[in-house]
Undergrad: 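My structure is below; once you've seen it, I'll send some questions.
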Amino acid sequence: MQHPHDETRHRYSESLDATLRSTVELGALVLENVRRTTEALLENRLDLAHQVIEADDEIDEKYAALEHRVFEVMARQQPVAGDLRFLVAMTRILYEIERSGDLAVNCAKGLIRREGYSLSANVQSLLARMSRKAADLFSRGLDALADLDAEAGARLDEADDAVDDLVGELYSAIAQRSGDMGFDLAVELSRVGRYMERIADHAVNIAEHVTFIVTGSFPEEPAATKDEG
Amino acid sequence: MQHPHDETRHRYSESLDATLRSTVELGALVLENVRRTTEALLENRLDLAHQVIEADDEIDEKYAALEHRVFEVMARQQPVAGDLRFLVAMTRILYEIERSGDLAVNCAKGLIRREGYSLSANVQSLLARMSRKAADLFSRGLDALADLDAEAGARLDEADDAVDDLVGELYSAIAQRSGDMGFDLAVELSRVGRYMERIADHAVNIAEHVTFIVTGSFPEEPAATKDEG
Amino acid sequence: MTIPDPRPETRRFEVGHSASIGASKSAEPVFDIDDLSVTYGDFRAVEGITLDIQPSEITAFIGPSGCGKTTVLRCFNRMNDLIESASVEGSIRYHGVNLYGPRIDPVEVRRRMGMVFQKPNPFPKSIYDNIAFGPRVAGHKGNLDDLVEESLTRAALWDEVSGKLAEPALALSGGQQQRLCIARAIATSPDVVLMDEPCSALDPIATLKIEELMLELKKDYTIVIVTHNMQQAARVSDRTAFFTVDVRAEGVRTGRLVEFDDTGVIFTNPREQSTEDYITGRFG
Amino acid sequence: MTIPDPRPETRRFEVGHSASIGASKSAEPVFDIDDLSVTYGDFRAVEGITLDIQPSEITAFIGPSGCGKTTVLRCFNRMNDLIESASVEGSIRYHGVNLYGPRIDPVEVRRRMGMVFQKPNPFPKSIYDNIAFGPRVAGHKGNLDDLVEESLTRAALWDEVSGKLAEPALALSGGQQQRLCIARAIATSPDVVLMDEPCSALDPIATLKIEELMLELKKDYTIVIVTHNMQQAARVSDRTAFFTVDVRAEGVRTGRLVEFDDTGVIFTNPREQSTEDYITGRFG
Amino acid sequence: MNASAISAAPEAVGRALSQHRRDVRGSLFRVVLLGSLLVAIGILVTLMVDIVARSLPVWGDRGVVDLISTEISADPARAGIWQAFYGSLILMVFTAAIAFPLGIGAAIYLEEYARDTRTTRIINANIRNLAGVPSIVYGLLGLAIFVKLLGGLTGPSVEGRSIISGGLTLGILVLPIVIITTAEALRAVPSSIREGAIGVGATPWQTIRHHVLPIAAPGIFTGTILSLGRAFGEAAPLLLVGGITTFFSTGDAGFIEVLQGRFSAMPVLVFSWARLPQAEFKALTAALIVIMLIVLLLINATAIYLRNRFEKGVTS
Amino acid sequence: GDDDGDGEAITRIAISGSSTVEPISARVAQAFHDIPANSSVAIAVDGPGTSDGFVLFCNGETDISDASRAIKQAELDTCLANGVEPIEIKVAIDGLSVITSVNNDMVSCLDFGDLYALLGSESVGFDTWSDADTLAAELAADGLGASHAPYPNVTLVITAPGEESGTFDSFIEIVLAGIAGERGTEPEPRLDYQASPNDDVIIDGVARNGTSLGWVGYAFYINNTGAVKALEVDGGEGCVAPTPETIASFDYPIARPLYIYVNKARLDAKPRLVDFVDFYLGGAGLVAVDGAGYVRLTAEEQASWKANWESRTVGKVDG
Amino acid sequence: MTTRDQIATALAGDRSRRSRERRIRRVFFGAAAASVLISIAIVVSLFGEAWTFISNVGFPQLADIGWFPRRGFYDIRTLLVGTLLVAGIAMLVAGPLGMGVAIYLSEYAAPRTRRILKPAVELLAGIPSVVLGYFALTFISPEVLRPIFGEDLDGFNLLAAGLGVGILTIPLVASVTEDSLRAVPLALREASYGLGATRMSTSIRVVIPAAVSGIVASMIIAFSRAIGETMVVAIAAGATGGSLFTVDPLGGGQTMTAAMASLAIGSDRVRGDDYAFQSLFFIGLVLFLMTLVLNILAERFVRRVRERY
Ligand SMILES: Nc1ncnc2c1ncn2[C@@H]1O[C@H](COP(=O)(O)OP(=O)(O)OP(=O)(O)O)[C@@H](O)[C@H]1O
Ligand SMILES: Nc1ncnc2c1ncn2[C@@H]1O[C@H](COP(=O)(O)OP(=O)(O)OP(=O)(O)O)[C@@H](O)[C@H]1O
Ligand SMILES: [Mg+2]
Ligand SMILES: [Mg+2]
Ligand SMILES: O=P([O-])([O-])[O-]
């Protein structure tokens, strides 16, 4: 904010800052898990997949704690205006982050279930590009959050289209090779695609919640209420 | 609550009641759309599918209005304790309901994309049972919400297992017949299964949010943070 | 935490002495205040206030102490006339009539505007006589008993006092006394009720009762309320005017209107940074 | 809206005269109050209060008017001795010592507990003398100037008044006066600071400053605060005690402790229905 | 109920709000009130003017110093007020010496120490009533106690009709007033100040000494000194205690002897002279009154001066 | 005093009693006091009235008692019983003056019967002079005087000394007692008049009303001729106005002697008291008598009373 | 030594300080006790002689033709009526004027006007009663009353005395009334103006009724003061030695105080009836009791004001 606000309410203000920081940190943990998942998928690293699942426990814990903190701040500080938007958005953002973490775990679980995938180079490369793109988007969502960058929503929405395109490509590739890889794997891979797509969606949602925090309204046709096409 | 609270704050209290009612109504609209979707799927009624998509516009509108209302009540009434739990949970529940609506739309869109499915009797019946179960679960979730029934969470979680089982059965059936129906349809159907499963999950989440409203904590190992397996 | 201001730099400075008025409505206003300034002796307490009060709405004035909320409110029924040093510039139109016009009788003005004060101030008379006072001095012709009952009923006090109208008003609790004062204020059939921090002397329970009552009354009356309690403004008002006080270099403090808008907007997404700072508790 | 109570019926009645104490801690408490009752003449104001005050925490007392918050607080430093009719039963142990024991000198007790009152009450002397008074009467030996500076610094007032220590304290603003009173209270090096509605006479800005200060002070002092303002209790306290007042058939009103727990719990999920009703604004 | 004004056109509203008729009764009421104030002040002015006018011959012939320094005499040509003048001054000193410490002390006890028991309440009521007892009754008291009972101490060779008896009587006369005004000044000290002091661990006396008394001082000073003014103007009790107005001399009596001797006082002399038929005495009486009023003015001015001084002391 | 120059103890002389004599005593005291050698003497003079004065005197509370009549036997007995030994000294002659307002032209002379009719105990309730007409007629019929009736029909306001006063007693004794004895009534004046121990007040009261009536010592009349005038009094030998001559010669029917009484028992203890009385009986006293407006005793009488003083004769000497 | 013991020791305090505090307290108690002694002394000194009087004179003798203590006529009614006459006249003057002054100062006068006028009225309060007696005697009676009543007016008269006492009590009525008017919270006036009341309605219907106890108290106090006033009556009404029973204010007369003064002036040994001197104390006692009752009454009313606000 523009003018100095002395000591007044700085603790409350600080606790909002801290909440933001912790949320971004939680997001970073999830981001790391997403990246780990990608690596596990591409390199059939079951150990990494197990790491992902393990790491998610910590994420869940931190999530619960943070969610409780946000709730308690709402109960104790009676926020209004920007602060309230921030806190309400934060409960949503936390949810988005936590969900993203779960999606990574889902991928990892699929990999473990099948004890690794054997993929064609084409699919492999598609998967790699898609996963990296999704992780990248997620990372940019977190940046938008950390910077409270109200404009990021639109940029991310655009970037999300790229992920969607890659997912589309992946589906086509899977469909073409469904005979080769067997139905189960095909379904599994299409799920992975879907998970990554949704991680990207969550990232876009996060950015849009940031817009809400800053401006008080969602961007036109917000992604959060867009049909999950 | 136990003792009469006179006139005091009855307007605020009323506005919370009204919020609850409107949310349940919104849920009912979504439920109707889910049912409509089921019928469309089973009877290849593209007209119904279009109706679903149309109806979702109203749902989205109402959702946005309700969400804004909840937000404004939070800003203006400084809720704490039960009221705050209610309002925070309500933003989540609204999200769950709205998402459920979107999932129904997704189903409808898939149907329209393929201009109807041709399904085997077995798959048909599975799909029917699963969809009805999911709709049923969603309806029970709404009931739990309307009654603020804290115990519903556990019941619904159990019932959700039945949906999950049906989805599993559906997947197997699709896998067995994937050659017959073609990969695209198989993927499409598995998606429908997944959507219905997630609608059921949303219902369970709603019930669990109700538990949070009433008791202040989520049931043990809350579904909302369970991995979306 | 510092939420960045998304508004272009210029926006924030564009607000001159006349505040940004987001809530101007087109309906025929009850009060139409234009460029109002009030001076106590040499001391300009508020300056350049422009706002309108809409019928059957609750308008809340909030802002830091000394920003002139009370001063502005007391212009509405010319209570400032009682302070010798006070002088008023600008115009206050009441249903189109300039209240400070030459032929206006302040006594008549006050009969049309009920006023409720910070501390409940019932007369040390019976409950009945408290209500009947206004109508009596105004030479009321009709049935006083009915009027008393109606006023008390509207003020949600009839049930509590119907059996003891002859008892002294001072025997009532603080909250009841304040409702009595409201009943007294509406007994002269005003169309406006002005309230200056009506709950600041009451405990939370009585406060909420009065707030309920205000919401009930706004069906029939236009209400303007000054309050220190932002939550109260948020809870009850339809529109909120946020005043602030500018301290000039020489230490002169002058109040001005910063923002006037629907209460929902003020408390979820105010236009002005200083409003947001104030309502979220971040102020110098 | 009526959120059903998920607690079994019996739970709600199980709460006898000793409230459910969710927040009892194992650490050595500063105060250990056991079954405290205070009677004014024939009138039993509060009954059966059992609670403990933990070091370096802020404990808030909330509850409706007349429930005995002030009464209990003033037992802590034997200020109730000044009220002739007051008599105290039960035990109040301060670091294990019975404060109402036969050999206790209340003057000594008060030197160990700073007290801050509802209305800022600086002495009509200079700022310096206000702070120095306590140490002087206690026969302070060290450097008074340093002590004054330190106390004012701790009370976050030094920057504002360092240049004008000789000026009258009454020339300060209300909020500054209250911080001065806090500085005065801590100048005698108490380990406890008792505050009875310290912000109720202040505007929101000054209130928030005091709240900031309390949070700062709790590093070094144990703080007990009575407040009408639930939001304040929510904002600043670590633990909150909710008192209520039982009205018996004969109209006798006796205060009791309903619930005592971590503030977070009280404001997000209180145990007792009556606590919830109170903090959410639903009360008879 | 309120529809009328809302729907009305501005002209109608304007008409309703404008003044209909002049408020005749209101103006009349104001005139009557102002009239009574003017009458009251008029009386004061008349009194002053009348007395000053009557006293004029004296100033021309005698001068202030002469009048004051000349002894009382039945002969208007050589009558002065010396004995009455110093008698009054000594009486004031006596009164102050009796009433101030006792009165302030009693007030401190009652306000700051005494618990609110029945006894305390009775004492308080008793003191308030004492303040309303007619001054002549105090004269009876002085007569019975100081003149008769204690005459051997107060004025062994004048049968107790001494300045000591007069001073004690006046002291007792104003004692309740001193107590009441002091108590009021003490009561006006906000209890929050006491609580503040007690709260930082001050003892009762430290609280009184450092806070209560300094704050109450202006009030105490004004109250007590004004009570001196009251004593200064009292004649009735002195008549009973034996103030005399015909010739008397003290000779070269020492201080104690003067105190134990007969005395006069200015109001007593006024009483006596006022009824003398000779025109010279009428003028002398007026002159005496002028001097009395000047002394009273000085007393009040002292009170105001002290109050201002102490108020400054408190706030700086 | 412990700190005066010569270390001499203060002698206090208390003089009280008659207000008629008070002006004489006050003048003497003042003159005595004016002599520097007498600075160790503190004198107080007041005049509550002869009778009250004797109460004080006989109680040992005063050193000198002024009296406008001789001490009564009962008073003397009381004095002696209390160890007070009065030395009687006659100091002047007074003409008890019956006065009215200077503005009253309606009456100029009254006889004892008139005075009885207007002021005696039977006149209670007479608000106008003419109310006494009937009584006066009755008295006249009985040969008790009242030759100036009928009286004018104007208000009758009386201001005169009260019971404490020797002038009151003298008036009864000389004017009223005889007729009262004849008529078998109380030898007292009526009740309903303004009674004051202070002669100045009486003068003032009489002067304030145009048709007033009262009586005072001659000095008070002669010093206030602007306010009051004295009526002639007919004691059976025609109307006589009070003048120094008619008084000195006792031609004026209600002339009377004035006394001081000195407590012999005090003389040893208070040597300065002797000086004072000596002073009184010297020229100072005569000057004072003149100054006050009374009539001097004849030289022989002066000498005889001086001798009486010198011999310290206790008790009644005169009459 | 444990911390707990240390704290216990510290909290036990300093014995010498406590005994010092006790001593100081005792000194002040002594002063307060003195005031009680004085009351007792008054009552005792009055009662002793008054008892002698009443036990010898007897109640039947208290009704007679008039008050002539030196002649054994002790008609107390004469004194009472005279007293009431003077006090009544005084109240007729002081009541309306005092109230008018008070209402004007508290309700109408601008602060600056008030700052000037109020001390002027207070100045009147400071004027000694002998001065007013002189004024009544030398001015009111001859210059004001004589032209009105002519020869019906005696030189010394109760009317002038009553007026003098009235003037004396104007500031008393004014200040007590004004205090109670000003004790009426500003909020009540604002409420009244807010309801469209004029200044007069506000004064008459709100402020005065709210202050009525104080106003009544001021009247009682003034009445009590008038009853106890000595010097004005003694000077202006003649301080006569006695009076027949009379209700004529134009003539001289007796009030209790004036009767006492005339009995006592210059001497405490009065000749005449054996109990004339004691009658002084008897009247003193009656006067004391009367004012006591009035003061208690006034106290009640004043307390009512205080309790209310
Ligand atoms: N009668 C008066 N005379 C002089 N100045 C006044 C008067 N009344 C108010 N003021 C000044 O005018 C300014 C505005 O005062 P006002 O009472 O209107 O503020 P407010 O916003 O109502 O404050 P609060 O919240 O403290 O009631 C303040 O600086 C105040 O000191
Ligand atoms: N000095 C006293 N004498 C008699 N009763 C008292 C006294 N002080 C308080 N009480 C009564 O004791 C009860 C508790 O009072 P207390 O002041 O402790 O309540 P509280 O909770 O602090 O109320 P509030 O919020 O109004 O300050 C009340 O009924 C009150 O009337
Ligand atoms: Mg205000
Ligand atoms: Mg309290
Ligand atoms: O005063 P007298 O002379 O009349 O006694």
Side-chain angles (χ1 to χ4, degrees), chain C residues 70 73-74 76-85 105-126 129-140 168-171 177-178 180-190 192-196 201, chain G residues 102-118 176-218 300-309:
Chain C
T70 300
L73 187 78
R74 291 168 67 104
F76 286 23
N77 66 344
R78 295 194 52 175
M79 282 299 266
N80 276 345
D81 289 18
L82 300 176
I83 298 162
E84 287 175 46
S85 63
D105 181 0
V107 169
E108 289 296 335
V109 172
R110 294 182 201 129
R111 286 188 183 156
R112 270 158 190 82
M113 289 160 213
M115 185 143 201
V116 178
F117 301 84
Q118 187 157 359
K119 263 191 67 193
N121 57 354
F123 301 127
K125 298 172 184 269
S126 72
D129 286 344
N130 261 278
I131 310 293
F133 178 85
R136 276 185 186 140
V137 297
H140 177 80
L170 290 171
Q177 286 186 10
Q178 196 60 301
L180 181 75
C181 291
I182 293 172
R184 183 176 68 183
I186 60 184
T188 50
S189 316
V192 181
V193 180
L194 308 172
M195 302 186 172
D196 190 358
Chain G
I103 297 171
Y104 188 82
L105 286 180
S106 123
E107 304 303 309
Y108 280 83
R112 199 171 334 125
T113 325
R114 191 174 167 276
R115 265 202 305 281
I116 297 165
L117 293 183
K118 188 162 173 163
V176 180
T177 299
E178 203 210 346
D179 281 350
S180 59
L181 292 177
R182 291 174 71 82
V184 174
L186 187 65
L188 285 190
R189 293 183 183 86
E190 291 209 319
S192 174
Y193 292 128
L195 289 167
T198 60
R199 204 176 273 271
M200 180 171 88
S201 322
T202 302
S203 303
I204 294 183
R205 294 191 190 223
V206 175
V207 181
I208 294 177
V212 75
S213 325
I215 295 173
V216 171
S218 81
R300 285 264 160 84
F301 281 101
V302 169
R303 196 172 329 123
R304 205 179 291 173
V305 181
R306 223 179 273 137
E307 273 162 12
R308 191 171 283 167
Y309 306 111

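To find a chain, count down the sequence lines: A is the first, B the second, and so on, and within it residues start at 1. Predicted model, so just to flag it, every value in this text is computed and none were measured.
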Undergrad: Measure Arg78(C) against the heavy atoms of chain G and call it side chain, backbone, both or neither at under 4.5 Å.
TA: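 Contact with chain G: none, neither part.
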
Undergrad: Would you say Val107(C) and Tyr193(G) make side-chain contact, with heavy atoms under 4.5 Å?
TA: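 SC-SC contact between Val107(C) and Tyr193(G) ruled out.
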
Undergrad: Hey, is the main chain of Ala210(G) close enough, under 3.5 Å, to the side chain of Lys125(C) for a donor-acceptor pair?
TA: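 Here the side-chain-to-backbone pair does not exist.
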
Undergrad: Give a yes or no on whether the backbone of Leu195(G) and the side-chain of Arg110(C) come within a donor-acceptor separation of less than 3.5 Å.
TA: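 Checked: no pair found.
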
Undergrad: Counting only heavy atoms closer than 4.5 Å, note whether Phe117(C) contacts chain G via side chain, backbone, both or neither.
TA: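 For Phe117(C), the contact with chain G is made by the side chain alone.
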
Undergrad: Say you draw a straight line from CG of Asp129(C) to CZ of Arg205(G); how long is it, rounded to the nearest 0.5 Å?
TA: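 Interatomic distance, Asp129(C) CG to Arg205(G) CZ, rounded to 0.5 Å: 10.0 Å.
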
Undergrad: Do you know which two heavy atoms are closest between Gly196(G) and Val137(C), and how far apart they sit?
TA: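 What the structure gives for the nearest pair is O-CG2, 4.2 Å.
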
Undergrad: How about Ser192(G) and Phe123(C): do any of their side-chain heavy atoms sit closer than 4.5 Å?
TA: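 The answer is yes; the side chains approach within 4.5 Å.
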
Undergrad: Looking at Glu190(G) and Arg74(C), is any side-chain nitrogen of the basic one under 4.0 Å from a carboxylate oxygen of the acidic one?
TA: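 Glu190(G) and Arg74(C): salt-bridged.
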
Undergrad: Ignoring hydrogens, what is the shortest heavy-atom contact between Ala110(G) and Glu84(C)? Give both atom names and the distance.
TA: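 Answer, listing the atom of Ala110(G) first, then Glu84(C): CB-OE2, 3.5 Å.
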
Undergrad: Under 4.5 Å heavy-atom distance to chain G, tell me which part of Pro122(C) shows up: side chain, backbone, both or neither.
TA: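 The backbone, not the side chain.
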
Undergrad: Rounded at 0.5 Å granularity, tell me how far CG in Leu186(G) sits from NZ in Lys119(C).
TA: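 It is 11.5 Å, given to the nearest 0.5 Å.
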
Undergrad: Are Ser201(G) and Arg136(C) close enough that some pair of their side-chain heavy atoms sits under 4.5 Å apart?
TA: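 No. Closest side-chain heavy atoms not under 4.5 Å.
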
